[in-house]
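Everything below concerns the one structure shown next.
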Amino acid sequence: FCLSRGLGDVYKRQAPLCLAYALHSLENFGTEDSIAYWGGVHAFLDGKNPYDPDTLLRIQRTASPNREVAQFFLNPPWTIPLLIPIFCWDFATSSLALLSINIFLTFFAMWRLGNLFTPLPPLYLVFVCGFLPVVACWRFGQLSCFLLVGILLSLEWVVQNYRPWWKIAVAFILLSIKPQTPYLLVVTLLVAVFRHCSKADLLKIALVALLPLSFLVSQSNLVGW
């Protein structure tokens, strides 16, 4: 009862602000940061350096002609293979795809956490839409929702007695999208992997976790950097 009242108070205060925030930026919703990922992916597909500001600016101007400064692609290179299916399209389609995926991943994580600990009433999912940091992540078109699912998978792996192995492998892939954010968590998970996994599982985890980097190396002929 106390938790419900607390969430209700937070929602009542946050919801109008979130609604105003969303309506204020409705025209550019989901595009501000996503143009950096879109430009990086298209630079890679063109065989160019996705970290070169001139290349990024040239590509981003095709979607935003008045842009004067490039939005930098700041993620590690092995992130690119994961982003290609989302950002290989035109910018409008890619931004809409990322926004849809971010919303889905947010509610998916809420649902899985409810199953892992205690079932959440459907109404609690509505509170997510009244929480400004979540709406801001959707609004800017960030990749933080992928980290959320990575954290969820690693939590499930620990709670389920360090099994199955594939959950932690996929978690490492998702957490590596922005490795500077979950750095301490990744270090702790690596220690847990070496302590609790068999040699066979260690090999499987390494092979799956390195798949994005393997793809990048295999396509090195596309890259002029």
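Predicted, not measured: the structure shown is a model, and the values here were computed from it.
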Are [Y] and [X] co-members of a hydrophobic cluster defined by side-chain heavy atoms under 4.5 Å apart?
X      : Y      : answer
Val170 : Leu207 : no
Val208 : Leu175 : yes
Trp111 : Phe104 : yes
Val191 : Val186 : no
Met110 : Leu148 : no

[X] side chain to [Y] main-chain N or O, any donor-acceptor pair under 3.5 Å?
X     : Y     : result
Thr55 : Ala43 : no
Thr79 : Pro76 : yes
Asp90 : Ala92 : yes

Start with the C-alpha gap between Ile168 and Leu153, add the side-chain angles, then the distance that decides, and say whether side chain to side chain contact (heavy atoms under 4.5 Å, CB included) holds. CA-CA 6 Å; Ile168 192 62; Leu153 290 175; over 6 Å; no
Might you point out which heavy atoms bring [X] and [Y] nearest each other, and give the distance in Å?
X      : Y      : result
Asp33  : Gly141 : CB-O, 3.7 Å
Gln71  : Ala36  : CG-CB, 3.4 Å
Ser94  : Ile86  : OG-O, 3.3 Å
Pro179 : Pro182 : O-CD, 3.5 Å
Ile59  : Gly39  : CD1-O, 3.8 Å
Ala109 : Leu152 : CA-CD2, 3.8 Å

Would you indicate whether the side-chain heavy atoms of Ile84 and Phe44 approach each other to under 4.5 Å?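 They are in side-chain contact.
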Less than 4.5 Å apart, any side-chain heavy atom of Phe87 and any of Leu98?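 A side-chain contact under 4.5 Å exists here.
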Could you go step by step and tell me if Phe91 and Thr62 meet the side chain to side chain contact (heavy atoms under 4.5 Å, CB included) rule? CA-CA 9 Å; Phe91 180 58; Thr62 62; over 6 Å; no
Worked check of side chain to side chain contact (heavy atoms under 4.5 Å, CB included) between Leu56 and Asn49: CA-CA 9 Å; Leu56 288 174; Asn49 184 351; over 6 Å; no
Which value, rounded to the nearest 0.5 Å, describes the distance between [X] atom [atom1] and [Y] atom [atom2]?
X      : Y      : atom1 : atom2 : value
Asn102 : Arg139 : CG    : CZ    : 13.5 Å
Gln60  : Phe72  : CD    : CZ    : 9.0 Å
Asn115 : Glu156 : CG    : CD    : 8.5 Å
Trp157 : His196 : CH2   : NE2   : 7.0 Å
Leu83  : Ser34  : CG    : OG    : 11.0 Å
Ile101 : Thr106 : CD1   : OG1   : 11.5 Å

Under 3.5 Å, is there a donor-acceptor pair between the [X] and [Y] side chains?
X      : Y      : result
Gln160 : Lys167 : yes
Ser95  : Trp38  : no
Ser198 : Trp165 : no

Residue that, paired with Leu174, satisfies side chain to side chain contact (heavy atoms under 4.5 Å, CB included) out of Leu143, Leu105, Val149, Leu82: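 When side chain to side chain contact (heavy atoms under 4.5 Å, CB included) is applied between Leu174 and each of Leu143, Leu105, Val149, Leu82, only Val149 qualifies.
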For Arg67, does the CZ atom sit with more than 12 other heavy atoms under 6.0 Å from it, leaving out its own atoms?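 Result for CZ/Arg67: enclosed.
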Answer yes or no: does atom CD of Glu68 have more than 12 heavy-atom neighbours from other residues, nucleotides or ligands under 6.0 Å?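 Not more than 12 within 6.0 Å, no.
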What about the rings of Tyr51 and Phe73, do their centers lie closer together than 6.0 Å?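 They qualify: ring centres under 6.0 Å apart.
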Could you walk me through whether Leu210 and Trp78 pass the side chain to side chain contact (heavy atoms under 4.5 Å, CB included) test, one step at a time? CA-CA 9 Å; Leu210 291 174; Trp78 58 79; over 6 Å; no
